[in-house]
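I have placed the structure first, in the form of structure tokens, so that the comments after it can refer back to it.
The structure presented is a predicted model; accordingly, all values stated were derived computationally and were not measured. Labels below follow one simple rule: chain letters A, B, ... track the order of the sequence lines, proteins then strands, and each chain is numbered from 1.
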Amino acid sequence: MALALPSNDALAVQLELLADLSEILGEDGFRIRAYRTAAARVRETAISVAQLALQGQAKELPGIGRTIEAKIVEAAEQGEIAALAKRRAEVPAEVASFLQLPGVGPRTAARIWRELGVTTTAELRAAAEQGRLRELSGLGATSEAKILAALADRPVGTTPARGLLGRGLPVVREVVAALAAHPAAVRVSEAGSIRRRRETFRDLDVIATATDAAALIAFFVELPGVLQVVAHGDTKATVVTQQGLRLDLRVVPPDCFGSLLQHFTGSKEHNIALREEAVRRGLSVSEYGVAVAESGETRTFETEEELYAFLGYAFIPPELRENAGELEAARGGTLPALVEAGDLRGELHCHSTWSADGKDGIEDMARAARRNGYRFLVVTDHSHYLRDGRLHAQWEEIAEVDRRLRPFRVLRGIEANIKADGSLDVPDDDLAELDWVVASLHTSFDRSPTERVLAAIESPHVDCIGHLTGRRLSRPARAAGAPVDVERVVAAAAATGTALEINAQPDRLDLRDVHARLAGEAGVLVPVTTDAHSVAALAYAELGVAQARRAWLTRDQVLNTRTWAQIARLRR
DNA sequence: GCCGTTTTCGGCCCGACTGTTTTCAGTCG
């Protein structure tokens with residue numbers, strides 16, 4: 001029986017484990033780095049890399065050459081990379097998980113295993129408790145205590161939960177505003193992954209310049225909502241808030257604020273690629289400035305714009321800094337003009353009290369949308385709450401509110417369920433009378449999700465597919481979403497003129513960034529929708545726009561930057 | 001292992017922190 005092709009995530013896991021085991025075995029560091037770079041590339045590729053490798057095209061991806069492509073073919077054909085199988089036979093299974101412990105890198109993990117004969121987490125705990133780790137030079141009582149604390153904190157092998165962008169963004173903004181209002185503050189900015197608007201974060205980074213660094217840091221660690229001060233030094237501090245969010249503040253010299261902001265915004269991959277290209281041109285880039293090898297002088301930059309310009313790039317918006325082609329585009333002057341929050345003209349997916357889980361009525365939702373500066377609102381209540389004549393009753397209310405709020409438009413939509421057999425749970429006669437039809441998977445995610453979505457796309461009544469994979473970022477079991485073949489869905493959507501939404505719910509952000517980019521490149525129009533179940537949730541549009549920007553989308557590629565009249569003309 | 005406007009060979013980002021090293025290796029971001 002043919003094996004299902006490994007997903008990109010599964011391939012990346014194999015390459016990362018190969019890197020970890022090779023490192024524990026003391027192999028060449030540059031080859032290990034190549035495995036890790038390739039793993040990151042595979043994870044951030046929108047289409048199946050296993051499929052590409054079988055076609056001999058994976059080596060066209062940056063960071064993947066003939067050798068790693070051959071390894072991916074092995075994974076696709078035999079289930080596992082042969083070099084990985086070989087190393088797994090050499091290194092006891094749990095030793096690689098030692099790497100997750102604080103202060104334990106490959107050298108230390110290898111010595112714990114080889115010199116102490118410790119091969120499992122249980123043995124490691126026992127060894128630490130008995131004070132045997134300090135027998136190794138370089139390890140002392142402090143290291144033992146840290147390892148024991150980490151073992152007690154959470155089981156090895158599990159990863160710590162990441163916070164959602166939608167939760168972190170308001171917090172980091174509050175902190176930036178509070179710090180900026182302090183008399184010692186000069187410049188204050190968000191940084192890190194939250195500034196790049198990544199869908200999840202590990203910690204929230206803020207950097208600042210100040211006339212009195214100590215005063216600003218002292219103010220920071222005493223902000224309301226701070227539960228615990230983890231670190232408090234001369235130039236930086238780390239606190240944990242009552243909601244359990246980790247916040248970092250760094251106070252930096254003003255003359256290199258631009259370099260430091262760029263450095264701490266990342267991503268790591270973007271910065272490494274930027275620095276490697278600079279090295280080839282005789283420049284050494286660090287967080288403090290750019291050293292010119294020829295003259296020996298170091299240039300400093302107060303703004304990111306000046307730094308990028310000095311290195312020969314157009315300014316790169318933080319959302320694009322993932323080493324996904326942005327450096328080449330910025331050098332060649334071909335960066336896209338990204339969609340902005342103010343470009344949205346209306347809402348194409350939201351709910352009212354006609355849905356049992358809706359909090360606000362149609363008129364309240366419409367008035368709130370109008371206050372946002374929108375010009376239309378499509379009400380897409382759940383189909384299963386609109387049976388037994390309720391659908392027509394809802395249409396009457398929509399028509400009434402529409403008349404009352406003109407020229408603002410309120411339109412008849414629906415969110416229909418894609419059933420297990422791929423059909424919709426709304427009769428065609430009703431669908432034909434709707435202004436806008438969203439079709440979504442809500443159940444049986446593991447039952448042929450691709451075929452069901454493709455069937456919905458083929459329906460002449462379906463305008464848009466809702467939250468394509470059904471992923472829920474805060475639920476580990478569902479964070480990956482249904483195993484939808486996005487490449488096929490995008491092709492079908494492009495062929496039929498069906499839209500694929502970016503659902504801006506903080507827990508969804510579905511399409512994910514690389515898939516929305518794939519859709520945009522294929523010519524699919526991508527609406528940014530909130531799926532709001534309340535007036536307040538209409539504000540999630542900002543998160544969806546951020547996701548669209550991470551997907552390189554321009555205003556024209558985002559469907560609801562158009563008026564309703566323009567959208568209606570685009571319908572089939 | 002990857003890669004190329006110095007190079008198909010010989011490079012490969014850069015700096016801070018930490019613990020126990022008495023001069024820096026290992027780890028981390």
Could you give the distance separating [M] and [N] at their [atom1] atoms, to the nearest angstrom?
| N | M | atom1 | result |
| --- | --- | --- | --- |
| B:dT6 | B:dG10 | C1' | 12 Å |
| B:dT5 | B:dG1 | P | 24 Å |
| B:dC13 | B:dC28 | C1' | 14 Å |
| B:dC14 | B:dC9 | C1' | 25 Å |
| B:dC12 | B:dC17 | C1' | 24 Å |
| B:dT8 | B:dG15 | P | 28 Å |
| B:dT22 | B:dG29 | P | 26 Å |
| B:dA16 | B:dG11 | C1' | 25 Å |

Where each residue is assigned the nucleotide of DNA chain B containing its nearest heavy atom, which of A:Glu287 and A:Ala141 is assigned the position nearer the 5′ end?
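Its nucleotide being nearer the 5' end, the pick is A:Glu287.
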On DNA chain B, compare the nucleotides closest to A:Leu283 and A:Ala109; which residue's is nearer the 5' end?
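Between the two, 5'-proximity favours A:Leu283.
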Give the nucleotide from the list [options] with an atom nearest to the side chain of [X].
| X | options | value |
| --- | --- | --- |
| A:Thr142 | B:dC14, B:dT27, B:dG19 | B:dG19 |
| A:Glu276 | B:dC14, B:dC12, B:dC2 | B:dC12 |
| A:Ser284 | B:dG26, B:dC14, B:dT20 | B:dC14 |
| A:Pro106 | B:dG15, B:dG1, B:dT27 | B:dT27 |
| A:Ser286 | B:dG26, B:dG15, B:dG19 | B:dG15 |
| A:Ser143 | B:dC14, B:dG26, B:dT20 | B:dT20 |
| A:Tyr288 | B:dA16, B:dC14, B:dT27 | B:dA16 |
| A:Phe30 | B:dC12, B:dC13, B:dT27 | B:dC12 |

Using atom [atom1] of [X] as one end and atom [atom2] of [N] as the other, report the distance to the nearest whole Å.
| X | N | atom1 | atom2 | value |
| --- | --- | --- | --- | --- |
| A:Ile272 | B:dC13 | CD1 | P | 7 Å |
| A:Leu18 | B:dC2 | CG | P | 12 Å |
| A:Tyr35 | B:dG1 | OH | C1' | 7 Å |
| A:His263 | B:dC14 | NE2 | C1' | 8 Å |
| A:Ile112 | B:dG26 | CD1 | C1' | 13 Å |
| A:Gln262 | B:dG29 | CD | P | 19 Å |
| A:Arg33 | B:dC2 | CZ | C1' | 9 Å |
| A:Ile147 | B:dT27 | CD1 | P | 11 Å |

Please determine whether a side-chain nitrogen of the Lys or Arg among [X] and [Y] lies less than 4.0 Å from a carboxylate oxygen of the Asp or Glu.
| X | Y | answer |
| --- | --- | --- |
| A:Arg280 | A:Glu276 | no |
| A:Glu23 | A:Arg87 | no |
| A:Arg43 | A:Glu16 | yes |
| A:Arg195 | A:Glu304 | yes |

Between the protein and nucleotides 4-11 of chain B, list every N/O to N/O distance that falls short of 3.5 Å.
none

For B:dC2, take OP1 and OP2 only and decide whether either is under 4.0 Å from a side-chain N or O of A:Thr37.
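No, because none of the side-chain N or O atoms of A:Thr37 sits under 4.0 Å from OP1 or OP2 of B:dC2.
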Phosphate oxygens OP1/OP2 of B:dT18: is one of them under 4.0 Å from a side-chain N or O of A:Lys146?
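Answer is no, no contact under 4.0 Å.
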Please work out if [X] contacts a base, only the sugar-phosphate, or nothing of the nucleic acid, heavy-atom cut-off 4.0 Å.
| X | answer |
| --- | --- |
| A:Phe264 | nothing |
| A:Gly138 | sugar-phosphate |
| A:Lys59 | nothing |
| A:Ser137 | nothing |
| A:Leu274 | nothing |
| A:Ile68 | sugar-phosphate |
| A:Lys236 | nothing |

Strand partner of B:dG10, provided both Watson-Crick or wobble distances fall under 3.5 Å
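Its partner is B:dC3.
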Look at atom CD of A:Gln130 and say whether more than 12 heavy atoms of other residues, nucleotides or ligands are closer to it than 6.0 Å.
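Counting other residues, nucleotides and ligands, CD of A:Gln130 exceeds 12 neighbours.
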Heavy-atom count around A:Arg173 CZ within 6.0 Å, excluding the residue itself: above 12?
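Buried by this count: over 12 neighbours within 6.0 Å.
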Determine the sole option in A:Glu326, A:Glu322, A:Glu319 for which the salt bridge (Lys or Arg N to Asp or Glu O under 4.0 Å) test with A:Arg550 is passed.
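Of all the options given, the one that passes is A:Glu322.
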Pick from A:Arg162, A:Arg508, A:Arg471: which one makes a salt bridge (Lys or Arg N to Asp or Glu O under 4.0 Å) with A:Glu199?
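The passing option is A:Arg471.
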With a 3.5 Å distance limit and no angle check, can you tell me whether A:Arg512 reaches the backbone of A:Leu509 through a side-chain donor-acceptor pair?
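Not at all, since once roles are kept as given, no pair shorter than 3.5 Å links the two residues.
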Salt bridge (Lys or Arg N to Asp or Glu O under 4.0 Å) partners of A:Glu129, counting only residues at least two apart
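Checked A:Glu129 against salt bridge (Lys or Arg N to Asp or Glu O under 4.0 Å); zero matches.
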